[in-house]
K.L.:
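The structure's right below; bear with me while I get my questions together.
Residue numbers begin at 1 in each chain, while the letters A, B, ... track the order of the sequences. Model, not experiment: these values are computed from the prediction.
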Protein chains: 2
Amino acid sequence: MVEAQANRGGHRRLICKLQSIANLAEDEMRDVQLLPLSLKSVPADTQIVRDGERPRECCLIVEGFVCRFKMLSDGRRQIMSFHIPGDIPDLQSLHLKILDHSIAAVGVPAILAFIQHQDLHDITRQHAGIAAALWRDTLIDAAIFREWMVGLGRRAAIRRFAHLVCEMALRMKAVGLADHQTYDFPVTQSDLGDALGLSTVHVNRVLQEIRKKRLLEFKGSTITIRDWKGLEELGQFDPIYLHQNSAAGMLDG
Amino acid sequence: MVEAQANRGGHRRLICKLQSIANLAEDEMRDVQLLPLSLKSVPADTQIVRDGERPRECCLIVEGFVCRFKMLSDGRRQIMSFHIPGDIPDLQSLHLKILDHSIAAVGVPAILAFIQHQDLHDITRQHAGIAAALWRDTLIDAAIFREWMVGLGRRAAIRRFAHLVCEMALRMKAVGLADHQTYDFPVTQSDLGDALGLSTVHVNRVLQEIRKKRLLEFKGSTITIRDWKGLEELGQFDPIYLHQNSAAGMLDG
DNA sequence: CGGATCGTTGAGTTGTATCAAGACGGGTGG
DNA sequence: CCACCCGTCTTGATACAACTCAACGATCCG
């Protein structure tokens, strides 16, 4: 069955993600695999949950690309994070009843696996290791926010973009979604602007500049890194803040 | 003994903080009060823990004012949060071994109470409620980061500042450190610039502008709010993101 | 083929940074 | 007790990064 396959996909993605941030015991992994998942697919650029809601479930990304964002009263938007398969972007709703931002699929349709809060509470009560791993995941989330704050507050536009490209490369790599120097990043220049705190026009000019420096290509929705060292330097990128289990041996081969 | 008093102060502050974000049971509060605290005072504007360290304890603020920040290679700084008595600014170190930023006292000397990671691990293992409360605390931390990101990315300088003033007012109020419309905020204009992503010169001009609007006074290290409604509107401030137990009935009396 | 979305370009504007210098103010030492 | 000094605040002049507005080109899709 298609559904059974996708379900396995959901558990596989979750396991893979958890292993990239923690070391789970055998029985813990087994129970993660038994978590009831409720699958749903959403079209590209569609909201999944909305600012102000009180969700009773968390959403695990199985396929696709997701962002969290807040709208301002004048219609402008700030994207606070991008999420990839294996992430649970609203894990915080487990302990914060009201959602203080929205979540949406970006660029391409997404397949999501919803997990009841109740089931997550149960599994964390039974397995201290899983509780710790999930807590840790939300802490890494926060660490990424902090790093973005540095960019938004203190880094020039082109550095911000370079930094984002490096970050996504490592995160995609950690869950097996990036090969040597290429990965999929299906966002528009307008999305990028909302994430980097820039106007679309300026994003466009930044992209041209970075292409001219031959640091990367960005055709269609594919990013191809041509000069990892250069990108890292331009973005002042130091992967420590990602707190990955193995932050070594990356794309610079 | 002075130390015994301050120790009680530490536990009192912690209890007060935890009650502002969660509902603890009797026995949980009792065990919180039994947590071993190791007191230390640090001079104003001194680092407490440093980027890259691997702390074995967390630091509870008993008195004073603390910020978390990252330094850039060119010596500029981004402050990512301010912390007040009752906060544990490095609670995340419980699950993220390496610190990805530094922590320092700002403006005035601080009294800190260090809690061994081991003791925190023990108490969370014994009391699911305390584990949840601490996890929740780190999640609120992250929610505040997100809100700051919106400011840094999308709000004009004066709005950013107004927003910060509102946020600090509510947080101080929640732990009994702000009265009707006044509270202590011992930061220099340079600190403010590092928090808001602005130059000192521009902070100065923003302050003048906001004074001219008669929204607040900022003499010495004391902020006096003159027009809460106006500040809230200017800062586009909506307290939802603070996830306080009782976000109602604030300074606008 | 037409419309919608996205990307690109140019011109003009503005918010904020930088540089430089002076004023203020609180603490220290002579 | 005064003089001095250092950090902070303030002000002015100038520079520039990024924004806005507006128009046009490129794709894609129905």
K.L.:
What does nucleotides 13-30 of chain D look like as a protein-contact string, B for base, S for sugar-phosphate only, - for none, at under 4.0 angstrom between heavy atoms?
P.N.:
B----BSBB---------
K.L.:
For a quick test of reading the model: is some side-chain N or O of B/Q208 closer than 4.0 Å to OP1 or OP2 of D/dC9?
P.N.:
no
K.L.:
If you measure from the Lys or Arg side-chain nitrogens to the Asp or Glu carboxylate oxygens, is any gap between B/D191 and B/R77 under 4.0 Å?
P.N.:
yes
K.L.:
Respond yes when some side-chain nitrogen or oxygen of A/Q189 is under 4.0 Å from OP1 or OP2 of C/dT8, and no when none is.
P.N.:
yes
K.L.:
Under 6.0 Å between the ring centres of A/H163 and A/Y241?
P.N.:
yes
K.L.:
Parallel, tilted or perpendicular for A/F218 and A/F161, by the 30°/60° rule?
P.N.:
parallel
K.L.:
Which sits closer to the 5' end of DNA chain C, A/G153 or A/R211, going by the nucleotide each is nearest to?
P.N.:
A/R211
K.L.:
Whole angstroms only, please: what is the CG-P distance between B/L152 and C/dA17?
P.N.:
11 Å
K.L.:
May I ask you to say whether B/D51 pairs ionically with B/K70, meaning some side-chain N is under 4.0 Å from a carboxylate O?
P.N.:
no
K.L.:
Rounded to the nearest Å, what distance is computed from the CG atom of residue A/L207 to the P atom of nucleotide C/dC6?
P.N.:
15 Å
K.L.:
Whether A/N204 contacts C/dG7 is assessed here as follows: a side-chain N or O lying under 4.0 Å from the phosphate OP1 or OP2. Is that the case?
P.N.:
no
K.L.:
Quickly work out the B/E209 CD to D/dT11 C1' distance and round it to whole Å.
P.N.:
16 Å
K.L.:
What residues form a salt bridge (Lys or Arg N to Asp or Glu O under 4.0 Å) with B/R146, not counting sequence neighbours?
P.N.:
A/D100
K.L.:
Closest approach of B/C59 and B/L112, non-hydrogen atoms and distance?
P.N.:
SG-CD2, 4.1 Å
